[in-house]
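Below: the structure, in structure tokens.
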There are 2 protein chains.
Amino acid sequence: MTGRPTLKDVAQRAGVSVTTVSVVLNGQRAGVRVPEPTRERVRKAADALGYRPNQMARGLRRRTSQAIGFISDEVTTTPFAVSMLAAAQEEAARNDHLLFVVNVGKPARPDVMQRAMDSLVEHQVSALIVARMYHQEVEPVASMPESTVFLNARATSGSYRSIVPAERAAARAAVRELLEHGHRRIAFLDDDTNTIASGLRHQGYLDALAEYDIAPDPRLHVRMPSGVSGGVRGGELIDLPAGQRPTAIFCFNDRMAMGLYRGVRHRGLKIPDDLSVVGFDDQEFIASELDPPLTTMRLPHREMGRLAVESVLGLDTSYAGWTEQGGGEISLLECPIVRRDSVASPPD
Amino acid sequence: MTGRPTLKDVAQRAGVSVTTVSVVLNGQRAGVRVPEPTRERVRKAADALGYRPNQMARGLRRRTSQAIGFISDEVTTTPFAVSMLAAAQEEAARNDHLLFVVNVGKPARPDVMQRAMDSLVEHQVSALIVARMYHQEVEPVASMPESTVFLNARATSGSYRSIVPAERAAARAAVRELLEHGHRRIAFLDDDTNTIASGLRHQGYLDALAEYDIAPDPRLHVRMPSGVSGGVRGGELIDLPAGQRPTAIFCFNDRMAMGLYRGVRHRGLKIPDDLSVVGFDDQEFIASELDPPLTTMRLPHREMGRLAVESVLGLDTSYAGWTEQGGGEISLLECPIVRRDSVASPPD
DNA sequence: CTGAAAGCGCTTACAG
DNA sequence: CTGAAAGCGCTTACAG
């Protein structure tokens with residue numbers, strides 16, 4: 001009577017054994033049939049008592065918790081990627097699982113990762129997801145379960161599954177969008193760190209150019225810090241002499257595009273009339289709110305989060321596509337283009 | 001040998017009983033002393049085996065999990081508030097707890113809330129935090145534990161604790177900042193829904209005016225949708241005839257300020273020379289990135305998240321200040337002003 | 001100082 | 001069709 005009611009309390013009230021209660025409450029069990037009247041009695045008793053199974057007891061016995069561990073580097077500095085978390089949680093809930101989330105800080109120190117993992121393992125999580133807010137490589141820590149999935153991250157060793165955006169294809173599509181509008185001098189305002197995303201997007205940029213037989217002009221590939229101020233400085237691209245000046249700029253991300261808008265405005269030019277711009281991320285509160293609204297590539301955070309859970313739960317049906325890579329498998333998720341008003345034909 | 005090592009395995013290897021292992025591994029127990037050599041032997045065995053306690057078994061026995069449930073409405077649509085979650089998780093980790101997070105969608109339906117709570121309770125969480133991404137009132141669901149804390153939300157009944165930003169005081173400070181710069185015609189560009197934040201910030205606005213003996217001019221209080229486009233429309237305030245036009249505008253949030261900047265620019269005016277602006281939220285990637293950077297009131301999300309965990313864990317030392325309210329208690333956290341470059345003296 | 005035993009709340013062969 | 005019993009991996013009086 002002190003705490004919450006247990007199976008035994010329900011059994012007593014229904015006048016049956018705990019075995020029967022357990023069987024009834026857990027649905028049919030192979031070969032075991034309980035007649036409807038008994039079932040009814042049990043259900044009534046459970047309801048009356050407000051019985052809720054103790055998942056720790058159940059988990060102990062079944063040797064599995066209905067919980068998934070979600071380790072991420074940092075949830076706060078890059079708010080737009082949290083939809084991975086939200087989607088993962090929703091998918092977990094849909095499958096009667098709960099999500100333990102733990103942040104390990106940025107950059108993630110291996111010992112902190114290790115501790116987080118140990119703690120999760122002690123709590124008997126049935127699966128682990130290791131997420132990063134920015135696409136990057138991560139070194140698996142010792143004794144990480146085989147079933148662990150890396151989200152928005154690629155495992156550098158082991159035979160794990162990794163889920164990442166199809167950066168290269170997306171960058172190619174972004175630049176192709178510009179090409180199709182008639183642009184031929186297209187700059188890439190790149191991030192100045194050697195992130196995996198930067199390399200891949202640059203590749204995609206080159207791919208698209210090659211497709212149109214355009215020789216890349218090194219002056220049109222500039223690297224700046226990936227924030228608004230870097231974007232403002234990217235405005236210098238416009239100061240190039242007439243024939244060399246780009247008519248369109250593909251930005252590494254939306255924040256740089258936001259800065260670039262400023263640089264363009266300060267020079268008295270207009271987007272998209274004088275210059276077309278394509279961003280990357282479709283960052284909330286930014287891309288759609290710029291003036292004019294920014295055409296950009298959407299990072300499929302929700303799809304990625306959902307796929308991670310489907311994968312660790314052995315469900316993955318929604319976005320098939322795993323390909324071998326290193327010892328493991330990788331899934332590249334498409335980044336759809338979001339067309340808004342920052343792209344037009346080049347001025348003549 | 002199949003699964004992970006248990007206490008029994010450690011006991012065997014160390015040549016002692018499980019009782020001894022348990023006592024050693026859990027630190028001193030009152031009245032029980034194990035001689036150092038034995039302790040040493042046990043620790044060695046545990047290390048060698050890579051023993052990790054099974055928290056489900058421990059929890060079952062101790063009748064407490066080391067887990068806290070964090071229920072929030074939506075984590076994705078309002079990315080800036082996720083630092084509440086991050087801070088809560090960090091504080092939980094600091095106290096050897098894990099955080100279960102579950103989203104219940106927005107607006108949160110009572111039945112979904114109920115299910116989330118049930119699931120968390122089944123998992124034997126030792127405490128519950130109910131968070132909202134925007135400050136609002138929430139109806140506790142039936143049988144919610146007494147110790148539940150409402151975060152960025154006020155419980156409408158019961159004797160719960162609620163943690164919210166000190167909106168009114170913050171709005172007052174925001175307007176006072178303008179007053180101190182010499183402004184006397186100050187508008188409030190308000191949200192057009194009847195949220196609790198809107199009401200409170202309006203109060204604070206009136207408080208500050210009253211402090212300077214300024215009669216509020218109803219034409220200077222306008223309500224618009226709380227996004228960028230609402231902010232743009234707020235620019236109409238500037239179209240008021242000369243003597244009635246405000247020299248400064250206090251915005252309900254940073255996104256409206258972002259829109260207002262646009263409205264001001266389109267009219268060929270400059271901030272802060274022609275108009276001073278103060279925002280609210282200190283939203284990441286917005287406030288500091290506007291041109292000029294926006295002076296605004298910072299919502300203390302991290303402090304709130306941390307306090308919530310401290311409170312449910314019975315620790316709260318860091319931000320004392322609970323006051324009675326209704327049947328429960330409330331803690332109002334200060335929103336510090338973040339001075340940037342959008343405030344100057346009024347033009348003459 | 002150390003261990004045998006009971007018990008946390010379940011599930012699951014197994015027997016009747 | 002139904003129940004007694006064992007056991008999941010711990011902790012904690014209690015006895016020796």
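These numbers come from the heavy atoms of this one structure, side chains and all, not from hydrogens, waters or symmetry mates. Residue numbers start from 1 in every chain, and the chains themselves are labelled A, B, ... in the order their sequence lines are given, proteins ahead of strands.
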Any Arg62(B) side-chain nitrogen or oxygen under 4.0 Å from OP1 or OP2 of dT11(D):
yes
His123(B) has an atom NE2; how far is it from atom P of dG9(C), in whole Å?
17 Å
Side-chain N,O (Asn26(A)) to OP1/OP2 (dT11(C)) below 4.0 Å
yes
N or O in side chain of Thr20(A) less than 4.0 angstrom from dG3(D) OP1/OP2
yes
Between C1' on dT11(C) and CE on Met56(B), what's the gap in Å once rounded to a whole number?
13 Å
Thr38(B) vs dT2(C): side-chain N/O to OP1/OP2 distance below 4.0 Å:
yes
Among dC10(D), dT12(C), dC1(C), which nucleotide sits nearest the side chain of Pro35(B)?
dC1(C)
Check whether Ser119(B) reaches the backbone of Ala116(B) with its side chain - one donor and one acceptor, N or O, closer than 3.5 Å.
no
Think Arg63(A) has a side-chain N or O under 4.0 angstrom from the OP1 or OP2 of dC8(D)?
no
Picking from dC10(C), dT11(D), dG9(D), which would you name as closest to the side chain of Ala57(A)?
dC10(C)
Asn54(A) has its side chain closest, among dT12(D), dG9(D), dC10(C), to dC10(C)
Taking the minimum atom-to-atom distance to the side chain of Thr6(B), which one of dA13(D), dC10(D), dG3(D) wins?
dC10(D)
Taking the side chain of Val23(A) as heavy atoms from C-beta outward, which of dG9(D), dG3(C), dT12(C) is closest to it?
dT12(C)
Can you figure out which of dT12(C), dG9(D), dC10(D) approaches the side chain of Ser22(A) most closely?
dT12(C)
When rounded to the nearest 0.5 angstrom, what distance separates CD in Glu90(A) from CG in Asn103(B)?
5.5 Å
Nearest-nucleotide 5' precedence on DNA chain C, Arg61(B) against Val16(B):
Val16(B)
From CG of Leu49(A) over to P of dG9(C), roughly how many Å is that when rounded to an integer?
14 Å
Would you say Ser17(B) reaches dG3(C)'s phosphate, i.e. side-chain N/O to OP1/OP2 under 4.0 Å?
yes
Rounded to the nearest angstrom, tell me the gap between atom CD in Gln66(A) and atom C1' in dT11(C).
14 Å
Whole angstrom is fine here: how far is it from NZ in Lys8(B) over to P in dA4(C)?
12 Å
In the strands shown, is dG16(C) matched to any nucleotide by a Watson-Crick or G-U wobble pair with both distances under 3.5 Å, and which?
dC1(D)
If you round to the nearest 0.5 Å, how far is CG of Leu151(B) from CZ of Arg161(B)?
13.5 Å
What is the separation between atom CG on Leu25(B) and atom P on dT11(D), rounded to the nearest whole Å?
8 Å
Tell me, with the steps shown, if Arg302(B) and Glu91(B) meet salt bridge (charged side-chain N to carboxylate O under 4.0 Å, His left out).
CA-CA 10 Å; Arg302(B) 293 195 60 84; Glu91(B) 184 61 23; over 6 Å; no
Would you indicate which nucleotide in dT11(D), dT11(C), dT12(D) comes nearest to any side-chain atom of Leu7(A)?
dT11(C)
Go through Ser159(A) and Glu146(A) one step at a time and tell me if the side chain to side chain donor-acceptor pair (under 3.5 Å) criterion holds.
CA-CA 7 Å; Ser159(A) 56; Glu146(A) 280 293 303; 3.0 Å; yes
Main-chain N/O of Met133(A) paired with Asp73(A) side-chain donor or acceptor, under 3.5 Å
yes
